[in-house]
Amino acid sequence: MNRRSFLKSTAITAGMLSFYPSLEQLKASDAKDFPLLDLHVHTTNNFSVERVLQLGKERGVRFGIVDHPAPWALKDDNDLRKYIEHLKNYPVYIGLQPTYPGWTKNYSSELLSQVDYILMDPQMVPQGNGNTWQIWEYDTYIEDTDDFMKRYMDYSLQILNNEPINIFAWPLFLPVCIAKDYNKLWTEERMQALINAAKKRNIAFEINDMSHTPHEEFILKAKAEGIKFAFGSDSRNENVGRLSYCKRIAQKCNLTKDDFYVPTMHH
Ligand SMILES: [Zn+2]
């Protein structure tokens, strides 16, 4: 019996608690042997780091904040420097979420070395004709599933093999129109290719709380290869740190703290 459940049962015996435990008490009584760390959090003009930290306190979760090193967000060194200096004031991991291969050449290595971790997803898949699928959009149009899967795998492997990342985000997520075929499309061979590539470069897989991916089978395969995991809500609202799918599947897969990637904080 751990300390918390001991205290709780003592309290119940002593009649200090009502018969039915509150939702909070039920949550607190879940035996967890892994860190509650949400490494995929965005802030906005209306959703500040202060608010993120307040929610973290209530939910017992720590955070990593990310922003995009891209023309529409952190467009250059100046923006990146301001971003890092701002976040250094808070007890959060400082992360980046690049959106296209080769992005590092637009930033100085001195600044990039001050970032605690880099997370990248394969959600902007090149179609081969100059266009990209943005596969999080519900109206993503797939004409030929086999062709899409081939290009999706190629792009995923390009990121896993070449980009300087710590976390591969949104693994195994599929566009809505083909999502019903998840178990058929994620063949043994495809899953193994992603796992081999991540293993070779010591890249962790995100367990994504928004999309409920990846599934148990993939997590267990990756875990067996010694690959680490990171929880990610990819939220910019009150959903930060809720982590309901993450916690549930991590418990089901018996993940422990050694199975998790934790960045090094530079500040
Ligand atoms: Zn994101």
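Order of appearance sets the numbers: ligands from 1, and atoms from 1 within every ligand.
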Could you give the side-chain donor-acceptor pairs of residues 131-142 under 3.5 Å, partners two or more places apart or in another chain?
unit_1	atom_1	unit_2	atom_2	d
Trp133	NE1	Tyr141	O	3.0
Thr140	OG1	Gln134	O	3.1
Thr140	OG1	Glu137	O	2.6

| Going by the ring-ring contact (aromatic ring centres under 6.0 Å, His included) test, which pairs reach into residues 83-121, not counting sequence neighbours? | His86-Tyr90
| task | Check for a donor-acceptor pair, side chain of Asp154 on one end and backbone N or O of Leu157 on the other, with a separation under 3.5 Å. | result | no
| task | Taking atom types as modelled, find out whether Ser233 and Asn239 have a side-chain donor-acceptor pair closer than 3.5 angstrom. | result | no
| task | Please identify each residue that fulfils ring-ring contact (aromatic ring centres under 6.0 Å, His included) with Phe260, with sequence neighbours left out. | result | Phe34, Phe231
| task | Run through the protein N/O/S atoms less than 2.8 Å from the Zn ion (ligand 1) and write them out by chain and number. | result | His40 NE2, His42 NE2, Gln97 OE1, Asp234 OD1
| query | Under 3.5 Å, is there a donor-acceptor pair between the side chain of Arg201 and the main chain of Leu160? | reply | yes
